[in-house]
Amino acid sequence: MILLQKVSELRQWRQTAGRVILVPTMGALHEGHGALIQEARRLAGNRAQVAVTIFVNPLQFGPGEDFDRYPRTLEADLAIGESCGADMVFAPQVSEVYALNRSIQVLENQLSRVLCGASRPGHFDGVCTVVAKLFNLTQPDEAVFGKKDYQQLAIIRRLVRDLNFPIVIHGVETVREPDGLAMSSRNRYLNPKERSQAPALRQALLLAHESWHHGQHNSQILLRIAREFLKTHALQGREDYLCLVDREELEPQTQAGPNSLMAVAWWFGKTRLIDNLEFT
Ligand code: PAF
């Protein structure tokens, strides 16, 4: 596996790389990212190169968010990249990616209004801008994203469609701790009490899903079931959102169906955790 940090080196690498499968990340890699890289490796076989990008993108952090304290663990990330089958890691400095007087960006005006976008204005524009740049820099044939950031995945599918990137997008299932908590680089911010209550997010979604399976389709009732559970089991936290939406347009649904997604964001102190469940 090789590490590149300059755009000029990346350009040179790309000329002879052949087919490329990309896994964009912000580093602080955990088993969830490991699963994305392994899936890219599986898709690539020995017919394509697996490229991982590690870049903490300042554009997707709002004022007062955790850009400065976001964990940066390049050494450990490289070891994970290597063990999961990456061929190349691109880990540029901010100045390598953004010109100081940059004046063009990608805006998303529909899917980013809801869920995480509602409390993080500009976040998904930052994501779309950097992902478009990473697509242009690495020119992948396929790219792999996690379903934990379901809204991001839906927006990236839209980005690829609307800007005609010739890239196949793959979504990979969320990897969880043994108690069900979705793996996240932000879990490390939780204190022991918050950590012990955080699996309630997953449990609340499963409870609502079970009611749906038993015939309850009314989304108000399903959301109430999940919310009541969270209020009694995630006491250390408070709600950012709990919604039932369709999986493509991310629009609220009054009735849950096989295209529904229940998504939650919950604050534990200054840490905001997210999770979601596809109703199938
Ligand atoms: O999901 C992430 O880690 C980031 O949002 C991404 C897609 C790498 C863009 O910075």
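Note that the numbering runs from 1 along the sequence shown for the chain. Quantities reported herein were computed from a predicted structural model and do not represent experimental measurements. Indexing begins at 1, ligand by ligand and atom by atom, following the structure's order. Because only heavy atoms are used, hydrogens play no part in the values below, and waters and symmetry mates are left out as well, while side chains stay in.
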Could you tell me whether some N/O pair between Q152 and ligand 1 is separated by less than 3.5 angstrom?
yes
For N259, run the side-chain hydrogen bond (donor to acceptor under 3.5 Å, both in side chains) check against Q253, E249, E248 and tell me which one passes.
Q253
If you count the atoms of ligand 1 from 1 in the order shown, which ones are under 4.0 Å from a heavy atom of V130?
9 (C), 10 (O)
Show me which atoms of ligand 1 lie under 4.0 Å from any heavy atom of P24.
8 (C)
According to side chain to side chain donor-acceptor pair (under 3.5 Å), who are the partners of N57, at least two apart in sequence or on a separate chain?
Q60, Y98
Within ligand 1, which atoms have a heavy atom of T25 less than 4.0 Å away?
8 (C)
Mark yes or no: R69 above the aromatic ring of Y189, with NZ or CZ under 6.0 Å from the six-membered ring centre and no more than 45 degrees from the axis.
yes
Best match, M26, K133, Q60, H33: closest heavy atom to atom 10 (O) of ligand 1
Q60
The residue among R120, K270, R272, R186 that forms salt bridge (Lys or Arg N to Asp or Glu O under 4.0 Å) with E65 is R120
Do the numbers put R72 on top of the ring of F67, so that NZ or CZ is under 6.0 Å from the six-membered ring centre and no more than 45° off the axis?
yes
